[in-house]
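What follows is a single structure, written as structure tokens, with notes after it.
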Amino acid sequence: MVEIDLNCDTGESYGAYRLGDDDALLRRVSSANVACGFHAGDATVMRRTVRTCLTHGVRIGAHPGLPDLQGFGRRAMALSPDDVYDIALYQIGALQAIAAAEGGRVEHVKPHGALYHMAETDDSVAEALARAAARTGGLTLVGLSGGRLVAAGRAASVPVWEEAFADRAYRSDGALLPRSMPGAVLDTPSAAAEQALRLARDGEAIASDGQVVSLKVDTICIHGDGPHAAETADAIRAALAAAGIRIGRGTHGTT
């Protein structure tokens, strides 16, 4: 049976404010990208999320974002490469300390939101993130399939996973359709499941203009802040299982 990793962005509640149903979602995925306090999350949420990951055997990853709680890390900022390196190092290190205290370990790094997209348009940002992954123990770096972050990771000799998205629309060049555009988010479980199946089985997606986009897919992402995230995960799992594809750690982490 073919195996593919299914990852989710999680731990994005903050204080008294709850976002997403992490307990339900973490029963359905194989990897989690845990917010580290800059765009979302706090120390208590991080520890609780790590514990839930360990309970369900889910791989723990750091999800560093821009220092922008109000904007949920989805607004680009003018940061130098050293700034990017420093904020990534700070957030990864915080999660590593919490994971170690709970008897676990951080295995990968996936930048969040605007930081993720900044890495795809600016080589210096991608290189700073790759350097942070390398200096924190050679953690696997997760980036957009065929993108600059993956290339920077390979250049820094860290393992990489090429990522595709079940619940986001693509442009014909393989980039994600900006959230400001209509149809950028696939907001029904059935649409996300259909795209996830095509990604896992065929290594392709249908772009917003109808063109077929070929993608290398090591891991598929679900956004945990969506209102139907758990239902979407169930729909994806069912569609993949029907095609003989199992959710698991897969074969990734290549340099």
Side-chain angles (χ1 to χ4, degrees), residues 2-9 29-33 59 61-65 107-123 125-130 133 139-179 181 183-186 191-224 232-233 236 239-240 243 245-255:
V2 176
E3 192 171 88
I4 188 78
D5 182 70
L6 183 64
N7 80 77
C8 69
D9 301 337
V29 299
S30 48
S31 294
N33 318 305
R59 181 193 286 110
H63 198 35
E107 298 188 44
H108 67 272
V109 179
K110 175 190 166 182
H112 166 81
L115 185 58
Y116 188 99
H117 295 293
M118 287 164 62
E120 294 306 325
T121 59
D122 188 333
D123 286 333
V125 173
E127 289 161 4
L129 290 168
L139 302 180
T140 297
L141 188 61
V142 181
L144 188 67
S145 177
R148 295 188 183 196
L149 187 56
V150 166
R154 290 197 173 103
S157 298
V158 297
V160 297
W161 294 344
E162 300 200 46
E163 179 180 47
F165 291 81
D167 52 9
R168 289 291 310 277
Y170 281 86
R171 301 188 322 199
S172 58
D173 63 357
L176 296 177
L177 191 67
R179 285 180 177 268
M181 300 290 291
V185 177
L186 308 185
E194 181 180 350
Q195 178 152 293
L197 176 59
R198 186 182 292 270
L199 289 166
R201 182 189 60 200
D202 306 322
E204 65 183 34
I206 304 300
S208 57
D209 64 0
Q211 294 190 52
V212 176
V213 181
S214 295
L215 300 164
K216 184 177 185 300
V217 183
D218 296 317
T219 183
I220 296 174
C221 177
I222 305 171
H223 285 89
T232 296
I236 290 172
L240 295 183
I245 302 170
R246 180 173 57 194
I247 301 300
R249 292 182 173 247
T251 55
H252 15 256
T254 58
T255 53

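Residue numbers start at 1 and run along the sequence shown.
Scored by the salt bridge (charged side-chain N to carboxylate O under 4.0 Å, His left out) test, E162 finds R154 as partners (sequence neighbours excluded). Every residue two or more places apart in sequence or in another chain was checked for a side-chain hydrogen bond (donor to acceptor under 3.5 Å, both in side chains) with E120, and none qualifies. Take A243 and apply the side-chain contact (heavy atoms from CB on, under 4.5 Å) test, not counting sequence neighbours, and it matches L197, I245. Shown here are the salt bridge (charged side-chain N to carboxylate O under 4.0 Å, His left out) partners of D9, two or more places apart in sequence or in another chain: K110. Take H117 and apply the ring-ring contact (aromatic ring centres under 6.0 Å, His included) test, not counting sequence neighbours, and it matches no residue. Contacts of Y116 classified as side-chain hydrogen bond (donor to acceptor under 3.5 Å, both in side chains), with partners at least two apart in sequence or in another chain: E163. With sequence neighbours left out, A130 forms a side-chain contact (heavy atoms from CB on, under 4.5 Å) with L141, A152, A156. When the side-chain contact (heavy atoms from CB on, under 4.5 Å) test is applied to A175, the partners found at least two apart in sequence or on another chain are R171, D173. Residues passing the ring-ring contact (aromatic ring centres under 6.0 Å, His included) test with H108, sequence neighbours excluded: W161. Taking the side-chain contact (heavy atoms from CB on, under 4.5 Å) definition, one finds that A233 meets it with L25, R28, I222, sequence neighbours left out.
Nearest heavy atoms, A164 versus Y170: CA-OH, 3.2 Å.
Residues V125 and L115 meet the side-chain proximity criterion, which asks for heavy atoms closer than 4.5 Å.
For residues 140-152, the salt bridge (Lys or Arg N to Asp or Glu O under 4.0 Å) pairs, not counting sequence neighbours, are D123-R148.
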Side-chain atoms of residues 199-209: list all donor-acceptor pairs with protein atoms under 3.5 Å, sequence neighbours left out, distances to 0.1 Å.
| residue | atom | partner | partner atom | Å |
| --- | --- | --- | --- | --- |
| E204 | OE2 | R198 | NH1 | 3.1 |
| D209 | OD1 | Q211 | N | 3.1 |
| D209 | OD2 | Q211 | NE2 | 3.0 |

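Residues S31 and N7 bring no donor and acceptor atom of their side chains to less than 3.5 Å of each other.
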